[in-house]
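Presented below is the structure to which this report refers.
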Amino acid sequence: ELSRNLPAAVRRIASFLGKAPTDGQVAAIAAHCSFERMAANPMTNASSMPKVAGEGEFMRRGQVGDWRRYFTPEQVRRMDEWIAQRAGSEAAPPFEYE
């Protein structure tokens, strides 16, 4: 959902938080949160952190579904279970990640 329509996702998140940003604020947030901007920003791309031997880059490809290359089915099951246990009735609106 974030990759398909970032401004709409910003509005949904803002609504969940009880906020009503202006069109200009939504545009600014969406621009600031784009993968390209975050990958180029040393405050979000971990470029100032020491590299861990054997690990890849912190910011990978920015492609939806790329996580499947890294998680085993067991890890996916455990993560889904962890989220379900902690989300409770105050869970954020569901987001598509496919």
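Note that this is a predicted model, so its numbers are computed, not measured.
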Starting at CD1 of I13, measure out to SG of C33 and round the result to the nearest 0.5 Å. 8.0 Å
Given 3.5 Å as the limit, does a donor-acceptor pair link the side chain of Q75 with the main chain of T72, or not? yes
I need the minimum non-hydrogen distance between M38 and H32, along with the two atoms involved. CG-O, 3.8 Å
Over all atoms of both residues, closest heavy-atom pair of V26 and P21: CG2-CG, 3.6 Å
Any side-chain heavy-atom pair from S34 and R37 closer than 4.5 angstrom? yes
What's the separation between atom CG in N5 and atom CZ in R11, rounded to the nearest 0.5 Å? 10.0 Å
Is R77 paired with E74 through a side-chain N to carboxylate O contact shorter than 4.0 Å? yes
